[in-house]
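One structure below.
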Amino acid sequence: MNLFPWAAGAVAALFASAAVAQTAAPFQPSPDKIRAHVAFLASDLLEGREAGSKGYDIAANYVASQFAQVGLKPAGDDGTWFQTVPLVAFRPKDEGAYVVKAKDGAPVPLVFGEEVLIGRNAGAKDHKVAAPLVFAGWGVVAPERKHDDYKGLNVKGKIVVVLTGGPPGFQTEERAFYGNARTKREAAAKAGAVGVIFVSTPKDEARRPFIEGKRTWQAWSMTWRAPDGTAFDPSPSAPGLGSVSVRGAEKLFAGASKTFAEVAAAADAGKPVARFALATNLDVTLSAEVKTIQSANVAGLLEGSDPKLKDEVVVLSAHLDHIGVTAPLNGDEINNGALDNAGGIATTLEVARAFSESGRKPKRSILFLAVTAEEKGLLGAEYFARNPTVRGALVANVNLDMPILTYDFLDVVAFGAERSTLAPAVQRAAQRVGVALSADPMPEEGLFTRSDHFRFVEVGVPSTFLMTGFQNGGEAKFRGFLKDCYHKPCDDLGQGIDYAAGAKFAWINYEIARELADDPARPRWNKGDFFGNRFAPATAIADQ
């Protein structure tokens, strides 16, 4: 097995591309070092780095060794590099059974893989529910926008059917929050529902074909374990019972006052969506196998130099895990996760090297955190955010996840930055690196709630997450990756990775972290900010 297929001719190919090393950076970001990190982390040897696997453990030890080499201090449990994250893993035993029943007529099953994909219930071996169906639109309750999809509906003891995503009129990051499945389940539970079915629209399926979910249906889902051993689930009374395709949704809406085609057309056109009781019931039978496992976050600390500010910690996070081994696609079953997220880990390691070799310690402490089980629901980040292994206050998070490093990006999207006093630091960093800041070009993807920084947001920590932008051919590269290689084996070393772009990405994140670490003022949420108001104490809100 050739673990390092890039070695021959690497230097010539590297500097033939747009070399960041020629820019006037305060340190020299190294495309070659990023190439080496990605090559190891995305090798077949690690078998896709699934949380709890041997391949993941090898990757975690690799990252710890790199932290040690650049002079970081172990910041995990008991003086080690590792924070153990206790997990519960669960997956379906079979394809389940979903039967639609009308008042008159024969029961109609939903076809697995084509019309329905199985819901996952944390820690539950078996789950059965039979109840009437109610269509609750987007399934969103947003008091500040006077939007309540449950107003006037009686869903107590019933299964709610909700559209995926969020209302199109919402601000992009707030839309991502309300469109998140966890948020929708919480709203359904408060309304008294006993389960949630998520339905796709034609626009959803054009972006991500429903049938693609069938390839990974037997993959392990996970959640973290509380100290008493119970599986964490914020809304156990309203489990996500499954996802239903456009074709399957027509069966759910049989005999209703509106067809699903009418509802979906309104949603895809950005028009108001009607809400109403359906004329059908749904019987769901699910069976799962459950096991307890553990995985580890990797934590390295660079202690601050200022006697007062060193007790405040800026966290640079990136997820180390990927989705492991799945059913073969074009003869390949290993999901190497080169861009998602070996690229993010590689750039994080390069930022750590930059601080080490700068000769100037930051005033605040900086924690470099490689987290596990992001692909299972941001679990490693959530566990750390609720159980930090460092003393002192977590004051900011900069997250590095899935930079698309297949082109020389000229702009970035800084999710979350404008919500806090992180914004000026991000703006100045972008100017120094020579890249523009752009608005979210894909609000329908809900990216703000889909990466680890959001778990820090949920405990009140101002956070940002950079995405490589759409300029200079970036849109085609980004959308092409999502369509062709996201969570597939072709996210490997053969997709034309531009390691100079990786060096540039490391540079801008270094500049952001440096400014946040040295600024005399602690980062704070903007007054009146949606997430600051929801999650942060009053002392963490700026006065302006």
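All residue numbers in this chain count up from 1 along the given sequence.
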Ion pair present between [X] and [Y], side-chain N to carboxylate O less than 4.0 angstrom?
X: Glu445; Y: Arg208; value: yes
X: Arg419; Y: Glu173; value: yes
X: Arg215; Y: Glu333; value: no
X: Arg450; Y: Glu374; value: no
X: Glu350; Y: Arg353; value: yes

Donor-acceptor contacts, no H, no angles, side chain residues 470-482, under 3.5 Å, sequence neighbours left out:
unit_1	atom_1	unit_2	atom_2	d
Asn472	ND2	Asp408	O	2.8
Glu475	OE2	Arg479	NE	3.0

Taking atom types as modelled, is there a side-chain donor on [X] or [Y] under 3.5 Å from an acceptor on the other?
X: Asp401; Y: His319; answer: yes
X: Asp452; Y: Ser317; answer: no
X: Asp204; Y: Thr164; answer: yes
X: Glu418; Y: Gln427; answer: yes
X: Thr326; Y: Asn335; answer: yes

If we only count heavy atoms from C-beta on, is the [X] to [Y] side-chain gap below 4.5 Å?
X: Asp233; Y: Thr223; result: no
X: Leu369; Y: Asn297; result: yes
X: Ile366; Y: Val313; result: no
X: Ile404; Y: Thr406; result: yes
X: Phe177; Y: Phe530; result: yes

Grab the two heavy atoms, one from Ile497 and one from Asp492, that are nearest each other, plus how far apart they are.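 Nearest pair, atom of Ile497 first, then Asp492: CD1-O, 4.1 Å.
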Residues in ring pair (Phe, Tyr, Trp, His ring centres under 6.0 Å) contact with [X], at least two apart in sequence or another chain:
X: Phe170; value: His147, Tyr178
X: Phe210; value: none
X: Phe456; value: none
X: Trp217; value: Phe112

Pair listing, ring pair (Phe, Tyr, Trp, His ring centres under 6.0 Å) test, anchored in residues 409-447, at least two apart: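 For residues 409-447, and leaving out neighbouring residues, the ring pair (Phe, Tyr, Trp, His ring centres under 6.0 Å) pairs sorted by first residue read Phe415-Phe465.
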Name all residues meeting the side chain to side chain donor-acceptor pair (under 3.5 Å) criterion together with Ser295; count only those two or more places apart in sequence or in a different chain, and write none if there are none.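 Thr372.
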With sequence neighbours left out, what residues match Glu205 under side chain to side chain donor-acceptor pair (under 3.5 Å)?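 Side chain to side chain donor-acceptor pair (under 3.5 Å) check on Glu205 returns nothing, list empty.
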More than 12 heavy atoms of other residues, nucleotides or ligands under 6.0 Å from NZ of Lys488: yes or no?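 Above 12, so yes.
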Please determine whether side-chain hydrogen bond (donor to acceptor under 3.5 Å, both in side chains) holds for the pair Asn399 and Thr464, giving the CA-CA distance in whole Å, both sets of side-chain angles, and the decisive distance to 0.1 Å. CA-CA 6 Å; Asn399 187 49; Thr464 189; over 6 Å; no
Tell me if a side-chain donor or acceptor on [X] pairs with a main-chain N or O of [Y] at a distance below 3.5 Å.
X: Arg49; Y: Leu41; value: yes
X: Ser438; Y: Gly469; value: no
X: His322; Y: Gly324; value: no
X: Asp498; Y: Ala501; value: yes
X: Ser451; Y: His453; value: no

Given the ring of Trp81, does Lys73 sit roughly above its face, with NZ or CZ under 6.0 Å from the centre of the six-membered ring and within 45° of the axis?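 Verdict for Trp81: no cation-pi partner in Lys73.
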Can you list every pair that meets disulfide (SG to SG under 2.5 Å) and has a residue in residues 349-447, with sequence neighbours left out?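 Residue pairs passing disulfide (SG to SG under 2.5 Å), neighbours aside: none found.
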Please list, chain by chain and in numerical order, all residues satisfying salt bridge (charged side-chain N to carboxylate O under 4.0 Å, His left out) with Arg175, sequence neighbours excluded.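 If we apply the salt bridge (charged side-chain N to carboxylate O under 4.0 Å, His left out) test to Arg175, skipping adjacent residues, there are no hits.
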Residue among Arg364, Lys363, Arg360, Lys361 satisfying side chain to side chain donor-acceptor pair (under 3.5 Å) with Asp518: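 Only match with Asp518 under side chain to side chain donor-acceptor pair (under 3.5 Å): Arg360.
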Pairs satisfying side-chain hydrogen bond (donor to acceptor under 3.5 Å, both in side chains), at least one member in residues 379-395, at least two apart: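 Qualifying pairs: Arg182-Glu382, Trp224-Glu382, Glu382-Arg386.
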Qualifying side-chain hydrogen bond (donor to acceptor under 3.5 Å, both in side chains) pairs with a residue from residues 50-71, counting only residues at least two apart or across chains: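 Listed once each, the pairs are His37-Tyr62, Glu50-Lys376.
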